[in-house]
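Accompanying notes for the structure given below.
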Amino acid sequence: AQSVTQLGSHVSVSEGALVLLRCNYSSSVPPYLFWYVQYPNQGLQLLLKYTSAATLVKGINGFEAEFKKSETSFHLTKPSAHMSDAAEYFCAVRNRDDKIIFGKGTRLHILP
Amino acid sequence: NAGVMQNPRHLVRRRGQEARLRCSPMKGHSHVYWYRQLPEEGLKFMVYLQKENIIDESGMPKERFSAEFPKEGPSILRIQQVVRGDSAAYFCASSLGPRDSHIRGYTFGSGTRLTVV
């Protein structure tokens with residue numbers, strides 16, 4: 001069965017620093033992978049998705065993620081953090097039954 | 001084109017009462033998914049419905065919880081005889097269907113935050 005593991009439930013970075021949020025997946029078939037962002041008291045918004053077209057995926061708000069099959073990873077990065085990036089980020093994988101399975105989330109804190 | 005609409009945004013119920021959560025999918029979407037979010041636990045899948053059909057309810061608790069998506073009207077998640085442990089945020093998402101969801105992901109509503117007192 002497909003699943004994702006997010007390393008680190010909380011990550012803190014300084015404003016302007018690199019953001020790196022880690023996600024590893026488990027899948028017996030080529031996966032469809034997603035990153036979602038959730039701002040306080042809101043629903044989830046799709047940041048980006050991997051659907052096998054390209055290994056480096058660019059999303060909204062300057063985020064991107066790279067699919068690495070050899071490492072079974074799909075880490076999310078942003079070169080320079082902004083205060084408005086403070087939110088919770090979820091890595092997710094679509095399984096064979098058309099369900100999207102989410103990781104436990106990583107809360108990103110931006111330090112001034 | 002309104003997105004996925006959930007109401008109410010906040011719901012307070014006393015133990016033993018019933019909670020009814022509503023979800024209107026995006027226009028044209030016929031597939032609805034319900035998730036529950038507890039602090040530090042991420043989103044847990046509950047149920048997947050098409051119009052008038054439950055496709056997958058493997059994440060639904062066996063008792064007190066039910067869901068429907070009638071031909072007309074919103075999808076309803078119903079929790080009978082609520083207990084404190086039901087307090088959580090409940091999110092609804094929709095898609096055009098399997099071929100769409102793996103390309104675009106789901107579109108989520110803003111959630112209903114249920115508090116059981």
Side-chain angles (χ1 to χ4, degrees), chain A residues 1-11 21 23 25 27 29-54 57 59-60 63 65 67 74 76 87-107, chain B residues 2-10 21 23-26 29-50 53-60 89-113 115:
Chain A
Q2 287 89 338
S3 66
V4 290
T5 301
Q6 292 184 243
L7 301 175
S9 57
H10 293 265
V11 169
L21 304 182
C23 173
Y25 69 89
S27 178
V29 298
Y32 293 104
L33 294 161
F34 308 87
W35 275 99
Y36 282 83
V37 60
Q38 184 181 30
Y39 297 102
N41 297 316
Q42 294 188 26
L44 277 74
Q45 180 181 1
L46 182 66
L47 265 181
L48 50 79
K49 57 188 181 291
Y50 168 75
T51 57
S52 77
V57 182
I60 62 172
F63 283 93
F67 173 74
F74 190 56
L76 182 71
E88 189 155 20
Y89 293 79
F90 293 93
C91 182
V93 62
R94 176 184 177 266
N95 74 359
R96 290 175 179 274
D97 300 325
D98 189 37
K99 291 185 303 201
I100 292 184
I101 307 300
F102 289 86
K104 291 191 174 184
T106 298
R107 190 168 296 277
Chain B
V4 177
M5 304 301 292
Q6 288 189 251
N7 66 81
R9 288 293 303 273
H10 299 274
L21 288 62
C23 170
S24 296
M26 277 190 72
H29 285 190
S30 58
H31 295 246
V32 165
Y33 314 81
W34 285 93
Y35 287 79
R36 177 163 61 177
Q37 184 179 32
L38 292 165
E40 309 296 328
E41 291 191 18
L43 280 85
K44 299 291 187 185
F45 169 80
M46 298 182 75
V47 62
Y48 165 24
L49 309 108
Q50 261 185 292
N53 284 308
I54 296 175
I55 306 300
D56 183 339
E57 57 182 347
S58 58
M60 288 278 271
Y90 292 84
F91 288 95
C92 170
S94 72
S95 77
L96 285 167
R99 290 184 182 176
D100 175 72
S101 67
H102 78 255
I103 294 172
R104 303 180 212 274
Y106 298 163
T107 301
F108 277 84
S110 296
T112 294
R113 280 150 186 85
T115 303

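Because only heavy atoms are used, hydrogens play no part in the values below, and waters and symmetry mates are left out as well, while side chains stay in. Given the structure is predicted, the values throughout are model-derived calculations rather than measurements. In what follows, chains carry the letters A, B, and so on, assigned in the order in which the sequence lines appear, proteins first and then strands, with residues in each chain numbered from 1.
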Turns out that what part of Q37(B) lies under 4.5 Å from chain A's heavy atoms comes down to side chain
With only heavy atoms counted, which part of Q38(A) is less than 4.5 Å from chain B, the side chain, the backbone, both or neither? side chain
If you look at every heavy atom in D56(B) and K99(A), which pair is closest and at what distance? OD2-NZ, 3.1 Å
Taking the side chain as C-beta and beyond, is there a heavy-atom pair between I100(A) and Y35(B) under 4.5 Å? yes
Centroid-to-centroid, F45(B) to F102(A), below 6.0 Å? no
Checking Y106(B) against F34(A) for the side chain to side chain contact (heavy atoms under 4.5 Å, CB included) test, could you report, in this order, the C-alpha distance in whole Å, the side-chain angles of both residues, the deciding distance, and whether it holds? CA-CA 10 Å; Y106(B) 298 163; F34(A) 308 87; over 6 Å; no
Go through S58(B), S110(B), G109(B) and name the one with the most non-hydrogen pairs under 4.5 angstrom from chain A. S110(B)
Supply the atom-to-atom distance K104(A) NZ to L38(B) CG, rounded to the nearest 0.5 angstrom. 11.0 Å
Starting at CG of L43(B), measure out to CD1 of I101(A) and round the result to the nearest 0.5 Å. 10.5 Å
Kindly determine whether F108(B) and L46(A) satisfy side chain to side chain contact (heavy atoms under 4.5 Å, CB included), including the steps that lead there. CA-CA 9 Å; F108(B) 277 84; L46(A) 182 66; over 6 Å; no
